[in-house]
Amino acid sequence: MNNLEKEINEFLNNDLLSTKGLSNEIYEEECFVEKSLARIFLRRFRKYATTQDVKDFVNGRLTNLVSKSLPMRFVPSFGGYKHWWSPTYPKTDWAEVFNIKFLLEYLAPIFNSYKKNKVAIEYESEEVILAELNNIPQSGLDEYTVAFRNVLSVFQAIVSDKVDLSLVLAREQYEEVGFTKNMLLARINEMIPDYYARFDKYDEEDKKRRIAKVKTNFKVDGVKDYTHLSENALNELYKWSRVFNEAFLDADYEVRGESFFDDESTIPLLFSFGLGPGGEAWPHIGSSSSSMVDFWAGMGILEKRENGAIIPRIISKSQYELIKNDLKKVSVHTKLSGSNENYDYIYVYKGTLIF
């Protein structure tokens with residue numbers, strides 16, 4: 001093992017896949033809500049501007065569950081897939097690891113201090129409609145779910161009983177109430193005409209923003225092959241995907257909004273982009289301490305700086321294209337080894353990235 005491999009392996013095992021960096025601070029009961037609220041909106045974790053409405057929502061939810069001694073459940077919502085551009089597709093890679101550790105660092109003082117009931121971080125995946133929405137094969141989505149749960153199990157062993165870690169799928173919650181995917185699709189199809197009309201009323205910049213998001217996610221050569229379509233036909237397909245997604249968010253909320261997102265114990269969290277019922281009042285957080293890219297849409301690498309510092313980074317497709325020839329593939333052995341081939345190595349960039 002050369003010096004670089006040694007340093008990288010030591011960092012992954014001793015710094016990342018450990019409790020190192022998790023605060024031991026404990027908030028006194030009389031100031032628990034106040035300090036927890038300050039922690040949730042701490043700038044270095046939040047990354048994005050917030051509003052008083054969001055602060056009021058979290059304050060109300062937090063105050064209520066503490067007064068009733070309810071379980072506390074943080075719910076980071078995300079698509080539930082690895083973006084198809086990534087060399088690590090369709091399984092998880094180090095980006096997901098970085099995010100889990102980031103959330104543990106973010107919420108450590110809260111789960112250290114809350115003694116009235118259990119605290120959980122429950123990732124919420126909406127993979128149920130991604131085969132239709134983004135044309136991503138279901139087999140890849142299923143592989144991602146298995147891989148993500150494996151990573152969570154490793155971290156669960158690391159943090160022991162301090163906080164419960166899990167991944168819940170929308171489709172699993174539907175099954176609990178006798179709702180099916182076919183019923184969901186039928187409901188969305190009923191809603192589509194009204195959502196087309198709503199989309200057409202957005203201003204042009206808003207339309208462009210929403211369509212641009214679809215273009216980055218839609219796999220043209222996925223479940224169905226759309227590579228033969230003209231530019232105009234593709235743009236119509238992208239518009240349909242955006243409208244379909246907005247209808248899904250409301251249809252999904254009809255099924256589990258009251259029982260899940262609006263449950264008194266739940267504090268929802270969003271990453272860089274979130275639309276849909278309730279979302280305007282939910283806090284947005286970063287994906288890692290050093291990256292703005294959403295973990296499922298990016299790939300995790302390490303930056304080895306000239307001063308010896310090792311920095312976890314989540315890079316986007318365009319960033320990967322800029323530096324891919326400068327990335328060194330380093331073999332690693334950690335608690336994750338054997339669970340997923342993407343954890344047999346990690347890409348390392350020697351130098352300081354500026355983007």
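All values derive from a computational prediction rather than experimental measurement.
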Side-chain heavy-atom pair Phe148, Trp296 within 4.5 angstrom cut-off: no
Test side chain to side chain contact (heavy atoms under 4.5 Å, CB included) applied to Met72 and Asn117, step by step: CA-CA 7 Å; Met72 187 181 301; Asn117 214 315; over 6 Å; no
Lys55/Asp53 salt bridge by N-O under 4.0 Å criterion: no
Show me the donor-acceptor pairs, under 3.5 Å and distance only, between side chains in residues 320-331 and residues at least two apart or in other chains.
unit_1	atom_1	unit_2	atom_2	d
Glu321	OE1	Lys324	NZ	3.0

Side chain to side chain contact (heavy atoms under 4.5 Å, CB included) assessment of Asn135 paired with Lys224: CA-CA 7 Å; Asn135 207 32; Lys224 297 178 181 178; 3.9 Å; yes
Separation between NE2 of His284 and OG1 of Thr51, rounded to the nearest 0.5 Å: 9.0 Å
Interatomic spacing from CZ in Phe98 to CD1 in Ile314 - rounded to 0.5 Å: 7.0 Å
Aromatic plane relationship, Tyr81 with His83 - under 30° parallel, 30 to 60° tilted, over 60° perpendicular: tilted
Hydrophobic cluster identity match, Leu336 and Val146, side-chain contacts under 4.5 Å: no
Glu30, CD atom: more than 12 neighbouring heavy atoms under 6.0 Å: yes
Note, Phe155 side chain near Ile121 side chain (heavy atom, < 4.5 Å): no
Flag if over 12 foreign heavy atoms under 6.0 Å of CD, Gln138: yes
Side-chain donor-acceptor contact under 3.5 Å, Tyr123 with Asn99: yes
Evaluation steps, side chain to side chain contact (heavy atoms under 4.5 Å, CB included), between Phe295 and Phe271: CA-CA 9 Å; Phe295 62 87; Phe271 294 98; 3.7 Å; yes
Aromatic plane relationship, Phe218 with Tyr238 - under 30° parallel, 30 to 60° tilted, over 60° perpendicular: perpendicular
Between Asn9 and Glu5: side-chain donor-acceptor atoms closer than 3.5 Å: no
